[in-house]
Amino acid sequence: MNTHILPLSQDLFDLDLTLSCGQIFGWKKTGDMWSGVHKGSIVSLIQNDEGIVYSGISESALFRFLGLHDDMKKIHSSIEEHISAYRNGPDNFFSTQYELSKRLRILRQDPWECLVSFICSANSNVRTIGKRINLILDRHGTSCGKGKCKFPDPCVLASCSEQELRDCLAGYRAPYLIKTAKYISTHPDFLPSIAEMSYLDAKRALMVLSGVGPKVADCVLLFAFERLEAVPIDIRIRSIIEHQYAPIIKFQKTGRYSYDDLSLFCQEYFGPYAGYAQQFLFATRDF
DNA sequence: CGCCAGGAACCTC
DNA sequence: GAGGTTCATGGC
(Lines give C-alpha, C1' and ligand atoms only; values in the text may rest on other atoms or scores of the structure.)
Protein backbone atom coordinates (compact mmCIF):
# COMPACT_ATOMS: atom_id res chain seq x y z
CA MET A 1 0.00 0.00 0.00
CA ASN A 2 1.36 3.42 -0.93
CA THR A 3 1.98 5.65 2.02
CA HIS A 4 2.08 9.41 1.85
CA ILE A 5 2.74 12.16 4.32
CA LEU A 6 0.68 15.18 5.14
CA PRO A 7 3.00 17.76 6.68
CA LEU A 8 1.47 19.03 9.90
CA SER A 9 2.90 20.32 13.13
CA GLN A 10 2.07 18.41 16.30
CA ASP A 11 1.47 21.77 17.91
CA LEU A 12 -1.57 22.23 15.71
CA PHE A 13 -3.16 18.79 15.71
CA ASP A 14 -3.36 15.73 17.96
CA LEU A 15 -4.45 12.58 16.15
CA ASP A 16 -4.61 10.47 19.33
CA LEU A 17 -6.86 12.95 21.10
CA THR A 18 -9.05 13.44 18.04
CA LEU A 19 -9.70 9.74 17.54
CA SER A 20 -10.05 8.81 21.20
CA CYS A 21 -12.08 11.65 22.68
CA GLY A 22 -15.49 10.02 22.24
CA GLN A 23 -16.41 11.21 18.75
CA ILE A 24 -15.77 7.95 16.90
CA PHE A 25 -15.53 4.37 18.05
CA GLY A 26 -14.55 2.14 15.13
CA TRP A 27 -10.87 3.06 14.96
CA LYS A 28 -8.14 1.10 16.70
CA LYS A 29 -4.61 1.99 17.69
CA THR A 30 -1.95 -0.70 17.51
CA GLY A 31 1.52 0.52 18.37
CA ASP A 32 1.64 4.04 17.00
CA MET A 33 -0.71 3.32 14.09
CA TRP A 34 -4.41 4.08 13.93
CA SER A 35 -6.47 2.01 11.52
CA GLY A 36 -10.07 2.15 10.43
CA VAL A 37 -12.30 1.91 7.39
CA HIS A 38 -13.28 5.08 5.60
CA LYS A 39 -15.69 4.97 2.64
CA GLY A 40 -14.99 1.27 2.18
CA SER A 41 -11.21 1.33 2.23
CA ILE A 42 -8.77 0.49 4.97
CA VAL A 43 -7.00 3.58 6.20
CA SER A 44 -3.85 3.72 8.31
CA LEU A 45 -2.66 6.84 10.09
CA ILE A 46 0.50 7.57 12.04
CA GLN A 47 1.37 10.94 13.51
CA ASN A 48 5.05 11.81 13.88
CA ASP A 49 7.23 14.93 13.90
CA GLU A 50 6.81 15.35 10.17
CA GLY A 51 3.03 15.13 10.09
CA ILE A 52 0.47 12.45 9.33
CA VAL A 53 1.71 9.36 7.52
CA TYR A 54 -1.32 7.94 5.75
CA SER A 55 -2.44 5.25 3.35
CA GLY A 56 -5.75 4.09 1.88
CA ILE A 57 -7.21 7.57 1.50
CA SER A 58 -6.63 10.64 -0.65
CA GLU A 59 -5.11 13.72 0.87
CA SER A 60 -8.25 15.75 0.29
CA ALA A 61 -10.50 13.09 1.84
CA LEU A 62 -8.16 12.81 4.82
CA PHE A 63 -8.19 16.57 5.21
CA ARG A 64 -11.94 16.59 5.30
CA PHE A 65 -12.35 13.55 7.57
CA LEU A 66 -9.98 15.00 10.17
CA GLY A 67 -11.51 18.47 10.02
CA LEU A 68 -8.15 19.94 9.05
CA HIS A 69 -9.85 22.62 6.98
CA ASP A 70 -11.28 24.17 10.15
CA ASP A 71 -9.66 27.54 10.82
CA MET A 72 -8.80 27.01 14.47
CA LYS A 73 -7.48 30.52 14.94
CA LYS A 74 -10.79 31.91 13.76
CA ILE A 75 -12.78 29.40 15.81
CA HIS A 76 -10.84 30.14 18.97
CA SER A 77 -11.12 33.91 18.61
CA SER A 78 -14.85 33.62 17.91
CA ILE A 79 -15.33 31.56 21.07
CA GLU A 80 -13.26 33.97 23.15
CA GLU A 81 -15.14 36.99 21.80
CA HIS A 82 -18.51 35.48 22.63
CA ILE A 83 -17.38 34.51 26.12
CA SER A 84 -16.02 37.96 26.72
CA ALA A 85 -19.17 39.66 25.47
CA TYR A 86 -21.44 37.43 27.54
CA ARG A 87 -19.69 37.71 30.87
CA ASN A 88 -17.75 40.92 30.33
CA GLY A 89 -14.52 39.29 31.40
CA PRO A 90 -12.24 36.28 30.95
CA ASP A 91 -13.21 32.66 31.54
CA ASN A 92 -10.21 31.15 33.25
CA PHE A 93 -11.83 27.77 33.58
CA PHE A 94 -12.47 27.47 29.86
CA SER A 95 -9.01 28.80 29.02
CA THR A 96 -7.40 26.13 31.16
CA GLN A 97 -9.45 23.33 29.61
CA TYR A 98 -8.89 24.74 26.14
CA GLU A 99 -5.12 24.59 26.51
CA LEU A 100 -5.39 20.90 27.29
CA SER A 101 -7.53 19.93 24.32
CA LYS A 102 -7.15 22.63 21.67
CA ARG A 103 -5.36 20.29 19.30
CA LEU A 104 -8.42 18.10 18.72
CA ARG A 105 -10.60 18.51 15.64
CA ILE A 106 -14.23 17.75 15.05
CA LEU A 107 -14.33 14.83 12.62
CA ARG A 108 -16.56 14.61 9.54
CA GLN A 109 -17.84 11.07 9.98
CA ASP A 110 -20.16 8.92 7.97
CA PRO A 111 -23.67 9.93 9.15
CA TRP A 112 -25.07 6.40 9.31
CA GLU A 113 -22.20 4.98 11.34
CA CYS A 114 -22.26 8.03 13.59
CA LEU A 115 -26.01 7.68 14.09
CA VAL A 116 -25.68 4.03 15.13
CA SER A 117 -22.74 4.86 17.37
CA PHE A 118 -24.65 7.43 19.36
CA ILE A 119 -27.84 5.39 19.58
CA CYS A 120 -25.50 2.86 21.19
CA SER A 121 -24.05 5.55 23.46
CA ALA A 122 -27.15 5.92 25.61
CA ASN A 123 -26.38 5.61 29.29
CA SER A 124 -22.95 4.05 28.90
CA ASN A 125 -19.34 5.14 28.89
CA VAL A 126 -16.94 5.73 26.02
CA ARG A 127 -15.06 2.48 26.47
CA THR A 128 -18.22 0.37 26.50
CA ILE A 129 -19.59 2.16 23.44
CA GLY A 130 -16.37 1.31 21.62
CA LYS A 131 -16.73 -2.36 22.46
CA ARG A 132 -20.32 -2.33 21.29
CA ILE A 133 -19.56 -0.63 17.97
CA ASN A 134 -16.62 -2.90 17.28
CA LEU A 135 -18.73 -5.99 17.91
CA ILE A 136 -21.34 -4.71 15.46
CA LEU A 137 -18.57 -3.91 13.01
CA ASP A 138 -16.80 -7.27 13.29
CA ARG A 139 -19.89 -9.46 13.34
CA HIS A 140 -22.16 -7.68 10.87
CA GLY A 141 -19.84 -5.55 8.73
CA THR A 142 -18.63 -6.60 5.31
CA SER A 143 -15.02 -7.70 5.16
CA CYS A 144 -12.46 -5.44 3.51
CA GLY A 145 -9.67 -7.96 4.05
CA LYS A 146 -6.83 -7.75 6.61
CA GLY A 147 -9.37 -8.52 9.33
CA LYS A 148 -11.03 -5.15 8.80
CA CYS A 149 -14.71 -4.61 8.13
CA LYS A 150 -16.76 -1.84 6.62
CA PHE A 151 -19.56 -0.70 8.89
CA PRO A 152 -22.80 -2.62 8.10
CA ASP A 153 -25.24 -0.84 5.81
CA PRO A 154 -28.71 0.07 7.10
CA CYS A 155 -30.32 -2.89 5.33
CA VAL A 156 -27.89 -5.27 7.06
CA LEU A 157 -28.71 -4.01 10.54
CA ALA A 158 -32.40 -3.90 9.59
CA SER A 159 -32.32 -7.64 8.98
CA CYS A 160 -30.50 -8.46 12.23
CA SER A 161 -32.50 -10.09 14.98
CA GLU A 162 -32.85 -8.30 18.27
CA GLN A 163 -30.87 -11.08 19.93
CA GLU A 164 -27.98 -10.69 17.48
CA LEU A 165 -27.66 -7.04 18.47
CA ARG A 166 -28.06 -7.84 22.16
CA ASP A 167 -25.18 -10.23 21.67
CA CYS A 168 -23.18 -7.18 20.57
CA LEU A 169 -23.85 -5.66 24.03
CA ALA A 170 -26.54 -3.35 22.62
CA GLY A 171 -28.93 -4.29 25.45
CA TYR A 172 -32.24 -2.41 25.41
CA ARG A 173 -30.92 -0.28 22.54
CA ALA A 174 -31.23 -3.27 20.16
CA PRO A 175 -34.84 -2.59 19.14
CA TYR A 176 -34.02 1.10 18.63
CA LEU A 177 -31.24 0.11 16.24
CA ILE A 178 -33.48 -2.22 14.26
CA LYS A 179 -36.31 0.32 13.95
CA THR A 180 -33.96 3.08 12.87
CA ALA A 181 -32.11 0.79 10.46
CA LYS A 182 -35.41 -0.19 8.87
CA TYR A 183 -36.40 3.43 8.48
CA ILE A 184 -33.07 4.52 7.01
CA SER A 185 -32.87 1.55 4.64
CA THR A 186 -36.35 2.26 3.29
CA HIS A 187 -35.79 6.04 3.17
CA PRO A 188 -32.37 6.38 1.51
CA ASP A 189 -32.85 10.12 1.02
CA PHE A 190 -33.41 10.79 4.70
CA LEU A 191 -29.83 11.26 5.87
CA PRO A 192 -28.71 13.22 2.79
CA SER A 193 -31.67 15.55 3.28
CA ILE A 194 -30.51 16.32 6.82
CA ALA A 195 -27.50 18.11 5.36
CA GLU A 196 -29.79 20.54 3.55
CA MET A 197 -31.87 21.54 6.58
CA SER A 198 -31.42 24.27 9.15
CA TYR A 199 -29.96 23.15 12.46
CA LEU A 200 -33.32 23.05 14.23
CA ASP A 201 -35.17 21.34 11.39
CA ALA A 202 -32.39 18.77 11.11
CA LYS A 203 -32.49 18.13 14.85
CA ARG A 204 -36.26 17.73 14.84
CA ALA A 205 -36.03 15.35 11.89
CA LEU A 206 -33.38 13.17 13.51
CA MET A 207 -35.37 12.98 16.74
CA VAL A 208 -38.15 11.16 14.88
CA LEU A 209 -35.85 8.14 14.72
CA SER A 210 -36.09 5.50 17.41
CA GLY A 211 -33.38 5.86 20.02
CA VAL A 212 -32.62 9.43 18.98
CA GLY A 213 -33.34 12.17 21.50
CA PRO A 214 -31.84 15.66 21.73
CA LYS A 215 -28.42 14.48 22.88
CA VAL A 216 -27.93 11.84 20.19
CA ALA A 217 -29.25 14.22 17.52
CA ASP A 218 -26.75 16.89 18.57
CA CYS A 219 -23.87 14.40 18.49
CA VAL A 220 -24.79 13.30 14.97
CA LEU A 221 -25.19 16.89 13.78
CA LEU A 222 -21.84 17.89 15.28
CA PHE A 223 -19.74 14.85 14.39
CA ALA A 224 -21.22 13.90 11.01
CA PHE A 225 -22.94 16.99 9.58
CA GLU A 226 -20.40 19.63 10.63
CA ARG A 227 -23.02 21.64 12.51
CA LEU A 228 -20.41 23.23 14.71
CA GLU A 229 -23.11 25.10 16.64
CA ALA A 230 -24.64 21.85 17.95
CA VAL A 231 -23.91 21.36 21.66
CA PRO A 232 -24.50 17.85 23.00
CA ILE A 233 -25.23 17.97 26.72
CA ASP A 234 -24.12 14.81 28.45
CA ILE A 235 -23.79 14.30 32.17
CA ARG A 236 -20.24 15.66 32.21
CA ILE A 237 -21.04 18.85 30.30
CA ARG A 238 -24.12 19.34 32.49
CA SER A 239 -21.98 19.06 35.58
CA ILE A 240 -19.44 21.54 34.22
CA ILE A 241 -22.12 24.09 33.43
CA GLU A 242 -23.89 23.65 36.74
CA HIS A 243 -20.63 24.08 38.65
CA GLN A 244 -18.82 26.68 36.54
CA TYR A 245 -21.51 28.72 34.82
CA ALA A 246 -24.79 28.47 36.72
CA PRO A 247 -24.24 31.82 38.49
CA ILE A 248 -23.92 33.72 35.23
CA ILE A 249 -26.68 32.05 33.21
CA LYS A 250 -28.96 34.90 32.29
CA PHE A 251 -32.27 33.16 31.79
CA GLN A 252 -34.54 31.91 34.50
CA LYS A 253 -34.95 28.25 35.25
CA THR A 254 -37.65 26.39 37.05
CA GLY A 255 -36.05 23.59 39.00
CA ARG A 256 -33.40 21.64 37.22
CA TYR A 257 -31.98 22.96 33.96
CA SER A 258 -33.53 21.25 30.98
CA TYR A 259 -31.46 19.91 28.10
CA ASP A 260 -32.47 22.85 25.93
CA ASP A 261 -31.66 25.36 28.70
CA LEU A 262 -28.08 24.14 28.81
CA SER A 263 -27.56 23.62 25.09
CA LEU A 264 -28.98 27.07 24.32
CA PHE A 265 -26.86 28.64 27.03
CA CYS A 266 -23.74 27.17 25.44
CA GLN A 267 -24.77 28.48 22.04
CA GLU A 268 -25.20 31.97 23.45
CA TYR A 269 -22.11 31.81 25.62
CA PHE A 270 -19.66 30.28 23.15
CA GLY A 271 -21.22 31.46 19.87
CA PRO A 272 -21.51 29.71 16.50
CA TYR A 273 -18.64 27.31 17.26
CA ALA A 274 -20.12 26.20 20.57
CA GLY A 275 -19.86 22.57 19.47
CA TYR A 276 -16.09 22.91 19.38
CA ALA A 277 -16.08 24.62 22.77
CA GLN A 278 -18.17 21.78 24.15
CA GLN A 279 -15.71 19.20 22.78
CA PHE A 280 -12.72 21.06 24.25
CA LEU A 281 -14.44 20.83 27.63
CA PHE A 282 -15.49 17.22 27.19
CA ALA A 283 -12.09 15.98 26.03
CA THR A 284 -10.13 17.00 29.11
CA ARG A 285 -10.59 13.71 30.86
CA ASP A 286 -9.27 10.18 30.81
CA PHE A 287 -11.07 7.86 28.46
C1' DC B 1 -21.14 -5.05 46.30
C1' DG B 2 -23.06 -0.24 44.66
C1' DC B 3 -22.51 3.37 41.60
C1' DC B 4 -21.71 5.51 37.23
C1' DA B 5 -21.65 6.11 32.22
C1' DG B 6 -21.62 11.08 25.51
C1' DG B 7 -30.02 8.93 27.26
C1' DA B 8 -34.37 7.78 25.44
C1' DA B 9 -38.96 5.68 25.73
C1' DC B 10 -42.73 5.38 28.34
C1' DC B 11 -45.90 6.48 31.88
C1' DT B 12 -48.22 9.88 35.28
C1' DC B 13 -49.86 13.95 36.71
C1' DG C 1 -44.97 19.81 29.38
C1' DA C 2 -42.48 18.60 33.55
C1' DG C 3 -41.06 14.86 36.37
C1' DG C 4 -40.29 10.06 37.60
C1' DT C 5 -39.24 5.00 36.07
C1' DT C 6 -37.33 1.59 33.40
C1' DC C 7 -34.15 -0.28 30.41
C1' DA C 8 -28.61 -3.67 30.18
C1' DT C 9 -24.05 -3.78 30.84
C1' DG C 10 -19.04 -3.18 31.74
C1' DG C 11 -15.79 -0.90 34.69
C1' DC C 12 -14.25 0.35 38.83
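What you see below is based on every heavy atom in this structure, not just the backbone, and it leaves out hydrogens, waters and symmetry mates.
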Among pairs that include at least one residue of [range], which meet side-chain hydrogen bond (donor to acceptor under 3.5 Å, both in side chains), considering only residues two or more places apart or in two chains?
range	value
residues 182-196 of chain A	none
residues 231-246 of chain A	Asp91(A)-Tyr245(A), Arg236(A)-Thr284(A), Arg238(A)-Glu242(A), Ser239(A)-His243(A)
residues 211-231 of chain A	Arg64(A)-Glu226(A), Arg108(A)-Glu226(A), Tyr199(A)-Asp218(A), Lys203(A)-Asp218(A), Asp218(A)-Tyr259(A)

Residue among Ser124(A), Ser117(A), Ser121(A) satisfying side chain to side chain contact (heavy atoms under 4.5 Å, CB included) with Arg132(A):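 Of Ser124(A), Ser117(A), Ser121(A), side chain to side chain contact (heavy atoms under 4.5 Å, CB included) with Arg132(A) is met by Ser124(A) alone.
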Quick check with a 6.0 Å cut-off and a 45 degree axis cone: is Lys102(A) positioned over the face of Phe280(A)'s six-membered ring?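 Cation-pi check for Lys102(A) and Phe280(A): fails.
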Ring centroid separation [X] to [Y] under 6.0 Å:
X	Y	answer
His69(A)	Phe63(A)	no
Phe65(A)	Trp27(A)	yes
Phe270(A)	Phe94(A)	yes

Among residues two or more places apart or on two chains, list those pairs meeting salt bridge (Lys or Arg N to Asp or Glu O under 4.0 Å) that have a residue in residues 140-151 of chain A.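 Passing the test, one end in residues 140-151 of chain A: Lys150(A)-Asp153(A).
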Looking at every strand, decide which applies to [X] at a 4.0 Å heavy-atom threshold: base, sugar-phosphate, or nothing.
X	value
Arg238(A)	nothing
Leu209(A)	sugar-phosphate
Phe118(A)	base

Interface residues of [range] with DNA chain B (non-hydrogen, below 4.0 angstrom):
range	result
residues 95-103 of chain A	none
residues 180-187 of chain A	none
residues 211-236 of chain A	Gly211(A), Val212(A), Gly213(A), Pro214(A), Lys215(A), Val216(A), Phe223(A), Pro232(A), Asp234(A), Ile235(A)
residues 263-282 of chain A	Gln278(A), Gln279(A), Phe282(A)

What protein N or O atoms touch nucleotides 11-13 of chain B N or O atoms at under 3.5 angstrom, if any, and at what distances?
none

Would you confirm whether Ser84(A), through its side chain, and Glu80(A), through its main-chain N or O, come within 3.5 Å as a donor-acceptor pair?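 No: the side chain of Ser84(A) does not pair with the backbone of Glu80(A).
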Filter on ring pair (Phe, Tyr, Trp, His ring centres under 6.0 Å), then keep only pairs touching residues 118-143 of chain A, sequence neighbours left out; what's left?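 Found Phe25(A)-Phe118(A), Phe118(A)-Phe223(A).
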Would you say CG of Asn88(A) has more than 12 non-hydrogen atoms from neighbouring residues, nucleotides or ligands within 6.0 angstrom?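 Check fails, neighbour count at 12 or below.
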Any chance NZ of Lys250(A) has more than 12 other-residue heavy atoms, nucleotides or ligands included, within less than 6.0 Å?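 Counting other residues, nucleotides and ligands, NZ of Lys250(A) exceeds 12 neighbours.
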Footprint string (nucleotides 6-12 of chain C, 5' to 3'): B base within contact, S backbone only, - free, heavy atoms under 4.0 Å: -BB-BSS
Members other than Leu135(A) in its cluster, when Ile, Leu, Val, Met, Phe, Trp, Tyr link by side-chain heavy atoms under 4.5 Å?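 Leu135(A) clusters with Leu169(A).
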Could you check how far CD1 of Ile240(A) sits from C1' of dA5(B), rounded to whole Å?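 Taking CD1 of Ile240(A) and C1' of dA5(B), I get 15 Å after rounding.
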